[in-house]
Amino acid sequence: MTVPLALRPVAAQEFSLAATLASGQVFHWSPQGQGYAGVIDESPVYVEQQGDRLLTTGEPAVVARYFALDHPLAEIYASFPDDPAMRAALEYCRGMRIIRQPAWECLATFITSSMKQVAHIAQISRVLRERYGRRLGPGGPYAYPGPERLAVLREDDLRACALGYRAGNLLKTARMIAAGEVDLDAIRAMPDDLAREELCRLAGVGEKVANCVLLFACERVRAFPIDVWIERVLRENYFKGKRKVTAGRLRDFTREYFGEYGGYAQQYLFHHARSARHRKS
DNA sequence: TGCCAGGCCAAAT
DNA sequence: ATTTGGCATGGC
């Protein structure tokens with residue numbers, strides 16, 4: 001059995017670990033004991049919340065950075081538009097943060113997310129880790145397999161992980177990254193529009209997935225991914241009864257209306273909408 | 001059973 | 001610039 005590790009405290013004001021991990025931005029954390037077990041880069045981490053602090057087996061500075069405990073939440077909330085949908089989402093998600101994910105892991109999981117429910121994205125992520133990821137210590141969890149590892153597989157290997165038509169996209173993208181054809185580190189330093197354009201060169205990456213990578217892995221808190229849930233929220237709350245509102249019109253509206261922390265607003269609206277749907281049944 | 005899920009892509013308008 | 005059909009798989 002594992003050796004019991006000392007839990008170290010991390011100050012965490014204005015933070016909800018539960019909301020953050022349940023919000024569909026990261027998929028591999030699982031409930032364990034009083035908290036959650038997961039992996040940050042190549043380190044196994046256990047973390048639980050006790051009021052205004054976290055207790056973790058991880059390196060405190062690494063945990064604080066991963067969960068973005070430095071984001072100015074009061075300033076972010078002050079930037080949210082004042083309307084009923086936004087107020088309800090803020091009330092429900094208070095303390096949720098946009099975390100800083102490793103870029104490749106984020107990119108790959110969102111390539112597999114196309115036309116999939118959150119539960120199944122998590123399932124695919126788990127199979128890929130267990131089948132092709134490096135095991136982090138005896139009996140430990142698995143790291144997400146890097147692009148070099150996936151690049152040498154065949155499409156059928158990935159189809160066997162229930163990826164369906166996404167298998168070819170993940171494989172092509174892994175090969176492009178492994179070959180240095182697209183450089184994720186370079187993208188992190190580019191202006192938003194150029195970074196998005198560069199990400200869209202990858203197989204299975206369109207505007208929505210590119211925005212997820214920009215938001216969840218590149219610290220672009222303006223990036224506003226529009227999926228089927230958010231599109232529904234936008235149409236029902238901001239374009240009620242109007243016809244012929246095109247995708248382009250929606251995109252322009254979000255940039256203007258939600259502003260500097262649009263990505264945060266988007267994630268709050270997304271998590272609230274999904275949670276409301278699941279509570280109904 | 002049928003419909004929907006954190007879409008993308010190529011082709012046609 | 002926008003619309004349309006095809007693509008795999010699993011949950012409800």
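Chain A is the first sequence line, chain B the second, and so forth, proteins listed ahead of strands; every chain is numbered from 1.
What separates CG of A:L107 from P of B:dG6 is a distance of 19 Å, to the nearest Å. Rounded to whole Å, the distance from CG on A:D252 to C1' on C:dA1 is 11 Å. At whole-Å resolution of the value, CG in A:L250 and P in C:dT3 are 10 Å apart. Remark: P of C:dC12 and NE2 of A:H120 are 12 Å apart, rounded to the nearest angstrom. The interatomic distance linking A:I121 (CD1) with B:dC4 (P) rounds to 18 Å, in whole Å. Atom CZ in A:R166 sits roughly 10 Å away from atom C1' in C:dG10 (whole-Å rounding). Distance CZ (A:F27) to C1' (B:dG6): 7 Å, rounded to an integer number of Å. Distance CG (A:N211) to C1' (B:dG6): 12 Å, rounded to an integer number of Å.
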Between the protein and nucleotides 7-10 of chain B, list every N/O to N/O distance that falls short of 3.5 Å.
residue : atom : partner : partner atom : Å
B:dG7   : OP2  : A:M115  : N            : 3.1
B:dG7   : O5'  : A:M115  : N            : 3.4
B:dG7   : O4'  : A:S114  : OG           : 3.4
B:dG7   : N2   : A:Y165  : OH           : 3.1
B:dG7   : N3   : A:S114  : OG           : 3.1
B:dC8   : OP1  : A:G206  : N            : 2.8
B:dC8   : OP1  : A:G206  : O            : 3.3
B:dC8   : OP1  : A:V209  : N            : 2.9
B:dC9   : OP1  : A:G204  : N            : 3.3
B:dC9   : OP2  : A:V205  : O            : 3.4

All N/O pairs under 3.5 Å across the protein-nucleotides 11-13 of chain B interface:
none

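A:R232 comes within 4.0 angstrom of the backbone, heavy atoms only, and of no base. Counting any heavy atom pair closer than 4.0 Å across all strands shown, A:T109 reaches no nucleic acid atom.
With sequence neighbours left out, the salt bridge (charged side-chain N to carboxylate O under 4.0 Å, His left out) criterion links A:D82 to A:R87. Residues that satisfy the salt bridge (charged side-chain N to carboxylate O under 4.0 Å, His left out) test with A:R8, not counting sequence neighbours, are A:E59. Here A:D185 pairs with nothing under the salt bridge (charged side-chain N to carboxylate O under 4.0 Å, His left out) rule; sequence neighbours left out.
Residues A:I187 and A:D183 form no side-chain contact, since every pair of their non-hydrogen atoms from C-beta on lies 4.5 Å or further apart. Between A:I121 and A:I124 there is no side-chain heavy-atom pair separated by less than 4.5 Å.
Close placement of the A:Y268 and A:F80 rings is indicated, their centers lying within 6.0 Å of each other. Taking the six-membered ring for Trp, A:F110 and A:F27 have ring centres closer than 6.0 Å.
For B:dG6 and C:dG5, the P atoms lie 23 Å apart once the distance is rounded to whole Å.
Of the candidates A:I98, A:L73, A:I76, A:Y261 forms a side chain to side chain contact (heavy atoms under 4.5 Å, CB included) with just one, namely A:I76. For the side chain to side chain contact (heavy atoms under 4.5 Å, CB included) with A:Y142, the lone residue among A:H28, A:E130, A:R126 that qualifies is A:E130.
Judged by distance alone with a 3.5 Å cut-off, a donor-acceptor contact links the side chain of A:Q267 to the base of B:dG6. For A:R159 against C:dA8, a side-chain-to-base donor-acceptor contact under 3.5 Å is absent.
The side chain of A:R274 has B:dG6 as its nearest neighbour among C:dG10, C:dT3, B:dG6.
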| remark: Here DNA chain B, pairs taken as Watson-Crick or G-U under 3.5 Å and shown with ( ), [ ] when crossing and | when to another strand, reads .||||.|||||||
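Of the possible donor and acceptor atoms, none in the side chain of A:T173 sits under 3.5 Å from a partner among the backbone N and O of A:L170.
Distance CD1/A:I111 to SG/A:C212: 11.5 Å, rounded to 0.5 Å. Interatomic distance, CG of A:L7 versus CD of A:E48, reported as 5.5 Å (0.5 Å rounding).
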